[in-house]
Amino acid sequence: MSNEKDTNDPTADDPDEPPHGGVDDSNPAGNGEDAAHGDPEPDDGPASDPDVDRDATADSGGESAADPDDADEPWDDGVVVDEGDGFDETEVVGGSDEDRNGESAGPADDGGIDELGSTVEVEGAEIEEDPDEDDLLGGLKIDTTAELEIPDRLVDQVIGQEHARDVIIKAAKQRRHVMMIGSPGTGKSMLAKAMSELLPKEELQDVLVYHNPEDGNKPKVRTVPAGKGDQIVEAHREEARKRNQMRSLLMWIIIAVVLGYALIIAGTVLVGIIAAGVVYLVFRYLNRGSDAMIPNLLVNNGDTKTAPFRDATGAHAGALLGDVRHDPFQSGGMETPSHDRVEAGAIHKANKGVLFIDEINTLDIRSQQHLMTAIQEGEFSITGQSERSSGAMVQTEPVPTDFVMIAAGNLDAMENMHPALRSRIKGYGYEVYMEDTIEDTPEMRRKYVRFIAQEVAKDGRLPEFSAEAVEEIILEAKRRSGRKGHLTLKMRNLGGMVRVAGDIARGEDAEMTTRDHVLQAKGRSRSIEQQLADDYIERRKDYELEVSDGYVVGRVNGLAVMGEDSGIMLPVMAEVTPTQGGGQVIATGQLKEMAEESVQNVSAIIKKFSDENISEKDIHIQFIQTGQQGVDGDSASITVATAVISALENVGVDQSLAMTGSLSVRGDVLPVGGVTHKIEAAAKAGCTRVIIPAANEQDVMIEDEYEEMIEIIPVSHISEVLDIALEGETEKDSLVSRLKSITGSTLKDGNVSSPSSPSPQ
């Protein structure tokens with residue numbers, strides 16, 4: 001990270017001048033001993049240089065306590081800190097690692113920083129030397145998850161995301177910013193928290209805000225070593241209490257004298273009471289002025305043992321950048337001093353630590369611009385965020401903001417993120433993409449077993465999982481990956497199923513969570529989209545909107561995905577009519593941009609395929625009951641093509657068949673996403689066969705209950721789709737032969753070329 005200063009700053013090259021914001025980098029101890037000496041006059045410079053008059057004060061007689069009646073230096077730290085209270089500056093600044101960071105000396109001192117995260121092996125159980133590839137536990141010999149050891153450090157618990165882990169380690173060593181982009185639940189926030197454990201040791205600081213006697217709307221800022229701020233504030237309170245006691249005693253003496261004089265000598269009781277009241281009000285006002293001199297402890301790191309971690313996700317401007325509270329009483333001696341109304345923002349509390357902001361693109365542009373300034377300058381003044389508030393008149397001296405920022409978000413975050421802010425992160429740090437899946441290996445399976453043990457340990461209330469229950473969850477991880485030979489890295493969703501299964505077992509007072517509990521959890525932990533899809537299927541059956549037998553012209557059972565993990569059958573119907581103004585392809589059903597483009601691609605094949613002059617016909621395509629969510633994507637391309645060809649040629653389509661697949665303008669069937677969920681939806685709807693792209697055959701991982709219910713047919717070209725779906729041998733053979741002659745370059749010698757992009761789209 002780079003905290004660049006303005007090259008025009010006159011103090012930049014002057015070693016005798018402290019930098020902006022009251023932070024004197026030349027003294028990392030933060031001038032810790034100044035609590036026992038007089039601070040400089042306000043005119044002598046920023047409040048951060050309290051050592052200017054230290055020697056003069058010491059030589060003048062060694063007075064370390066401020067004069068209780070001295071109102072000329074109300075922001076003076078010249079208060080006595082009792083060294084007998086156990087405060088040792090070396091514990092805050094130069095003490096041992098154990099003093100500042102608990103029992104751990106930190107990753108940098110362990111010599112183990114390169115062995116963190118996913119490279120940490122599973123411990124606590126015996127592992128077979130050469131595990132069988134069908135062993136879902138990866139060779140672990142366990143009966144329950146209780147036999148595994150859980151790593152103490154958060155970074156050791158990260159599973160998968162090797163590239164992201166390596167970036168975080170490098171960024172922590174060099175204090176670089178990081179932007180992590182990926183799907184929700186892939187471990188972005190966990191890696192951000194882990195980074196705070198890896199940051200190099202630095203002197204944490206407390207930040208104090210003082211009243212400025214020259215201008216109350218410009219409070220002074222001062223930094224001291226962590227833990228010193230509390231003592232300074234307490235010392236000021238004690239001094240204020242002593243002043244108040246002396247003034248109270250003096251007030252009552254004066255009131256007694258006034259009342260005595262009025263009653264005994266002057267004989268005017270009313271005048272005496274009025275005079276006593278005036279004296280009382282004067283002394284109360286003076287006491288209030290004394291209380292106002294107590295500094296405000298803005299940032300307190302006294303109890304912080306590691307680098308601070310602040311999650312500012314979704315924070316409004318005041319919570320992120322700091323704020324000044326509104327004061328309804330702004331005159332008459334009733335107002336709250338401005339320095340007491342200052343509130344630190346997340347950027348100030350994260351000083352010397354980590355600031356984490358997820359969904360970075362949701363921050364408004366103004367906040368992103370201010371955040372950019374804080375990153376660049378390493379300091380940021382606090383002012384009121386509401387223009388109509390009295391706090392907007394207050395602006396402090398710059399407050400330190402020397403943090404490492406970790407920004408996170410989905411892929412759309414980069415589109416709405418301020419380009420200059422992204423440039424700051426990229427210029428002084430790293431960008432990393434979070435993977436959704438990882439290769440299924442015995443090593444990774446063992447780590448997934450440990451993941452389940454970690455979730456049980458974190459919750460603290462779940463029964464341990466049996467080996468059979470763990471195997472079922474790993475099977476679900478394979479299924480949710482959507483790719484053969486891979487495991488999902490959306491660990492939050494998988495952890496949700498672990499907790500549901502554990503809750504079921506706990507509700508039954510079971511000693512451990514079994515495979516049966518996991519199977520029940522699969523049903524209970526269905527997403528909203530899954531529940532809606534199942535409800536749609538049942539309702540359509542009730543109203544006979546889904547046809548699963550016989551042949552119908554121009555009607556095809558398409559398949560779609562709702563959300564990320566639920567399939568639904570989506571019938572498509574086509575009709576050809578005489579045109580009244582030039583042939584058109586008209587598609588309805590809330591089609592979005594990608595779906596509309598796929599219909600246009602299909603129309604290219606139709607125009608070339610048909611012997612008839614379709615410029616004299618209109619082709620109507622309807623996606624049945626798509627709802628308000630519409631259709632997005634091109635996975636219905638072969639469905640549309642089959643429906644239109646059926647309508648043009650008046651040949652029926654098998655209604656016991658469902659299909660999904662993208663279609664190129666040359667007739668190739670290209671891979672799509674979500675084939676597993678689509679196949680299961682077809683089976684639930686009563687279909688007995690389903691067509692999928694051949695490239696997706698390896699991605700099919702349906703539940704055992706559906707394997708006997710439906711036949712899966714992989715295809716590579718639209719001609720194969722028509723051969724399977726259309727009714728009648730003579731008519732079908734003629735259509736297929738005609739289509740092959742049109743797209744013959746892709747079907748030479750009967751061999752279909754593989755799609756150019758095997759990735760599901």
Side-chain angles (χ1 to χ4, degrees), residues 546-560 569-577 585 587 598-599 601-612 614 617 619-624 634-670 672 678-679 682 685-694 696 710-744 746-747 750-752:
E546 290 183 352
V547 181
S548 57
D549 56 9
Y551 290 86
V552 178
V553 174
R555 186 188 189 281
V556 182
N557 291 321
L559 297 169
M569 199 154 82
L570 188 67
V572 175
M573 300 187 74
E575 189 65 60
V576 179
T577 63
V585 177
S598 72
V599 171
N601 290 339
V602 169
S603 68
I605 295 178
I606 302 303
K607 290 174 183 177
K608 193 171 183 180
F609 168 80
S610 177
D611 287 338
E612 303 180 25
I614 63 172
K617 300 178 182 295
I619 300 175
H620 295 264
I621 302 169
Q622 181 183 11
F623 289 77
I624 305 296
D634 61 349
S635 65
S637 298
I638 65 169
T639 308
V640 172
T642 304
V644 173
I645 291 172
S646 170
L648 278 171
E649 302 296 331
N650 197 31
V651 178
V653 179
D654 185 0
Q655 297 302 297
S656 67
L657 176 74
M659 63 181 68
T660 183
S662 179
L663 190 64
S664 75
V665 293
R666 300 299 301 273
D668 292 321
V669 177
L670 306 178
V672 295
K678 292 176 180 178
I679 293 170
C687 293
T688 58
R689 296 188 298 165
V690 61
I691 291 176
I692 66 169
N696 285 128
I710 195 162
E711 177 188 358
I712 301 171
I713 307 172
V715 299
S716 299
H717 194 266
I718 185 62
S719 61
E720 298 178 64
V721 177
L722 298 178
D723 193 24
I724 296 166
L726 298 183
E727 177 185 17
E729 294 298 329
T730 305
E731 297 87 344
K732 180 167 60 176
D733 291 344
S734 175
L735 292 175
V736 173
S737 298
R738 195 189 318 159
L739 190 61
K740 285 183 178 181
S741 67
I742 295 171
T743 58
T746 60
L747 293 165
N751 295 322
V752 179

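All values below come from the heavy atoms of this structure, side chains included, with hydrogens, waters and symmetry mates left out.
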For a quick test of reading the model, state the closest non-hydrogen atom pair linking [X] to [Y] and the distance between them.
| X | Y | result |
| --- | --- | --- |
| P693 | G661 | CG-CA, 3.8 Å |
| K678 | A560 | CG-O, 3.8 Å |
| A658 | A682 | CB-CB, 4.0 Å |
| A694 | P714 | CA-CB, 3.7 Å |

Is the shortest heavy-atom distance from the side chain of [X] to the side chain of [Y] under 4.5 Å?
| X | Y | result |
| --- | --- | --- |
| I710 | I679 | yes |
| I692 | T660 | yes |
| V572 | Q622 | no |
| E575 | I621 | no |
| I724 | I713 | yes |
| L559 | M569 | yes |

Response to the item:
OH (Y551) and OG (S656) are apart, to the nearest 0.5 Å, by 7.0 Å
Counting only N and O atoms by type, is there a donor-acceptor contact under 3.5 Å from the side chain of [X] to the main-chain atoms of [Y]?
| X | Y | result |
| --- | --- | --- |
| T642 | I638 | yes |
| T639 | G558 | no |
| Q655 | C687 | no |
| E649 | I645 | no |
| D668 | L670 | no |

Practice prompt. Begin from the C-alpha positions of V640 and F623 and carry the test side-chain contact (heavy atoms from CB on, under 4.5 Å) through to its verdict.
Written response: CA-CA 9 Å; V640 172; F623 289 77; 3.6 Å; yes
Worksheet item: Do you know which of N557, V553, V556 makes side-chain contact (heavy atoms from CB on, under 4.5 Å) with V653?
Response: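 When N557, V553, V556 are each tested with V653, the side-chain contact (heavy atoms from CB on, under 4.5 Å) holds only for V556.
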Practice prompt. Start with the C-alpha distance between T577 and H620, add both sets of side-chain angles, then the distance that settles side-chain contact (heavy atoms from CB on, under 4.5 Å), and finish with yes or no.
Written response: CA-CA 8 Å; T577 63; H620 295 264; 3.4 Å; yes
Item to complete: Begin with the C-alpha distance, continue with both residues' side-chain angles, and end with the deciding distance and a verdict on side-chain contact (heavy atoms from CB on, under 4.5 Å) for V669 and S662.
Response: CA-CA 6 Å; V669 177; S662 179; over 6 Å; no
